[in-house]
Amino acid sequence: MRNMESTAIILAAGEGTRMKSSLHKVLHKLCGVEMVDYALAAAQAAGVERPVVVVGHAAEAVREHLAGRADFALQDKSTGWGTGHAVMSAQAHLQGEGKVYILAGDMPLLTGEDLLALGRAVDAGAAGAMLTAVLADPTGYGRVLRDAQGTVERIVEQKDCTPAQAQVREVNASVYCFRIPALLSALPRLKNDNAQGEYYLTDVVAILRGDGERIAAVETAAEHCMGVNDRVQLAQAEAALRRRINGALMRGGVTMIDPERTYVDAGVKIGRDTVVYPGCVLQGATRVGEGCTLLPNCRLLDAVVGDKATVESSVLLSCAVGAGTTVGPNAYLRPGTRVGAHCRIGDFVEIKNSTIGDGTKVSHLTYVGDADLGEGINLGCGVVFSNYDGKSKYRCTVGDRAFIGCNVNLVAPVAVEADAYVAAGSTVTKDVPAGALAIARSRQANLAGWVAARKAEGKL
Ligand code: UD1
Ligand code: CA
């Protein structure tokens, strides 16, 4: 047994016609991450830092997405087609005596451990190892044919199967590990005299066996082999990934009221004793602290939520919310918003590109845009920061402990200093000094008997 150097080839040149999409199949996302990234992650988990990705259809888009993270080989369709041809296209990257993992870009549930199991079989002396699974319904997959002793003889594609072979339920996952010299000796001997007129990588197995080499078969769970060819399988694979993600979070101490209806992207972090209700969608680099409550129907994208915060039916985008703060229902926190600790951001409040100091309350029906608010402030109902004059945006500041009455407009740029009060209904266009009361509205006049007089004139 020797631990050989390893490299990896990820096949992603196919057209993926069954997706019916203008986007390349491997760039479709599952749990917020592009399909091909899961293949990359599996290869990296198996110790291959920089795999070779075979590109062909929509090569530029795939290259651009993976730039800096992989090397590329271009498969030229005019010289042949099929998974074997795809690997031939990457031959220039196959050197030395080590081993190579080969996997497809459309198998997001494959794990690094699956690859490592294949690698161990090759390290132990096999010329190659292939991943298999036993499926209830093997339709569409290549079948694994074994001899009387149970050793793998060859793989036969669905389209080339006899009716008896089609009964075999053990399938080829299309994931392999080969000793590089063995693979290189077999590739030139692949032929395309099959139902699809393609060079099948699967034929390498029979060729090496004909050479007297041993090919190991390693069985894995059916789910790990799930390939994505159409949108139905995309949804099925995403559901399976979601079960993995949510399972790991729950085992880490997060309570999910209904994990089947909780949508957490790969990479989101949630602290222990946080309770997540159904309909929450946590995306991107979102981080939720410990002991939080995410009530139903929240969407958090790249949001950071401190410990013991509560969020209900709200949208939080690229923003931060401090510990013990409550948000919602129906609040909208837009990019660049930083809400401090123990604040209250209530219903129908929109905040954009603003800082809100600790303990400040913005309880209802308010728009805060481009403003810096201190601590312990109270904004009444219906306060609007008028930050835009149709051409440029300006900032407002509100000092600590200021009290802004209901239905106030703060016309930026303007500053309300600490401990100042602004009377309800004011439109503030000038700075308010510390501790002052600003009233900026016309005085009320009561016209006695006005209604009766109008009626007498027949105008009411
Ligand atoms: C392949 C296997 C089959 C296995 C199944 C598992 C072959 C001949 N068949 O069939 O035994 O059960 O996977 O899912 O290998 N690709 C290229 N260039 C090509 C053709 C394909 O890069 O010329 C890529 C595709 O983008 C895809 C992967 O290879 O990522 C697999 O190709 P696909 O056509 O989906 O193979 P299957 O018919 O599913
Ligand atoms: Ca496939």
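Remember, predicted model here, so these are calculated numbers, not experimental data. Each ligand, and each atom within it, is numbered from 1 in the order the structure gives.
- Residue-ligand proximity, Ala86 to ligand 1, at heavy-atom distances under 4.0 Å covers atoms 17 (C), 18 (N), 22 (O).
- Each of Arg214, Arg209, Arg146 was checked for a side-chain hydrogen bond (donor to acceptor under 3.5 Å, both in side chains) with Thr151, and the lone residue meeting it is Arg209.
- When the salt bridge (charged side-chain N to carboxylate O under 4.0 Å, His left out) test is applied to Lys352, the partners found at least two apart in sequence or on another chain are Asp370.
- Comment: Lys191 does not engage Asp203 in a salt bridge, judged by the lack of any side-chain N to carboxylate O separation of less than 4.0 angstrom.
- In this structure, Thr202 has a heavy atom closer than 4.0 Å to ligand 1.
- Contact annotation: for Ala12 versus ligand 1, heavy atoms closer than 4.0 Å belong to the backbone alone.
- Comparing Ile9, Leu11, Asn172, Thr83 by heavy-atom distance to atom 7 (C) of ligand 1, the nearest is Thr83.
- Among the candidates Leu208, Ile207, Leu94, the single residue satisfying the side-chain contact (heavy atoms from CB on, under 4.5 Å) test with Leu183 is Leu94.
- Annotation for ligand 1: atoms under 4.0 Å from non-hydrogen atoms of Ser174 are 1 (C), 5 (C), 6 (C), 13 (O).
- Which parts of ligand 1 touch Ala173 is read off a 4.0 Å heavy-atom cut-off, strictly below it: atoms 6 (C).
- Residue contact check: Ala104 has heavy atoms under 4.0 Å from atoms 28 (C), 30 (O) of ligand 1.
- Defined by atom type and a distance below 3.5 Å, a donor-acceptor pair is missing between the side-chain atoms of Asn330 and Ser313.
- For the residue pair Thr7/His93, the side-chain donor-acceptor check at 3.5 Å is not satisfied.
- Residue nearest to atom 19 (C) of ligand 1, selected from Gly14, Gly84, Gly82: Gly82 (by heavy-atom distance).
- Atoms of ligand 1 lying under 4.0 Å from any heavy atom of Glu157, numbered from 1 in the order shown and given with element: 2 (C), 3 (C), 7 (C), 8 (C), 9 (N), 10 (O), 11 (O).
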Identify every side-chain donor-acceptor pair in residues 246-259 under 3.5 Å, counting partners at least two apart or on other chains, and give the distances.
residue: Asn246; atom: ND2; partner: Pro259; partner atom: O; Å: 2.9
residue: Asn246; atom: ND2; partner: Thr262; partner atom: O; Å: 3.0
residue: Asp258; atom: OD1; partner: Glu260; partner atom: N; Å: 3.2
residue: Asp258; atom: OD2; partner: Arg261; partner atom: NE; Å: 3.3

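- Tested against Tyr367 for a side-chain contact (heavy atoms from CB on, under 4.5 Å), the candidates Val362, Asn387, Val349, Asn409 yield a single pass: Asn387.
- Looking at Lys77 against ligand 1, nothing comes within 4.0 Å, counting heavy atoms.
- For ligand 1 and Gly105, the ligand atoms under 4.0 Å from any heavy atom of the residue are 30 (O).
- No side-chain heavy atom of Pro413 sits under 4.5 Å from any side-chain heavy atom of Arg395.
- Counting heavy atoms closer than 4.0 Å to ligand 1, residue His85 contributes nothing at all.
- Taking only nitrogen or oxygen atoms, main chain and side chain alike, Val54 does not reach within less than 3.5 Å of ligand 1.
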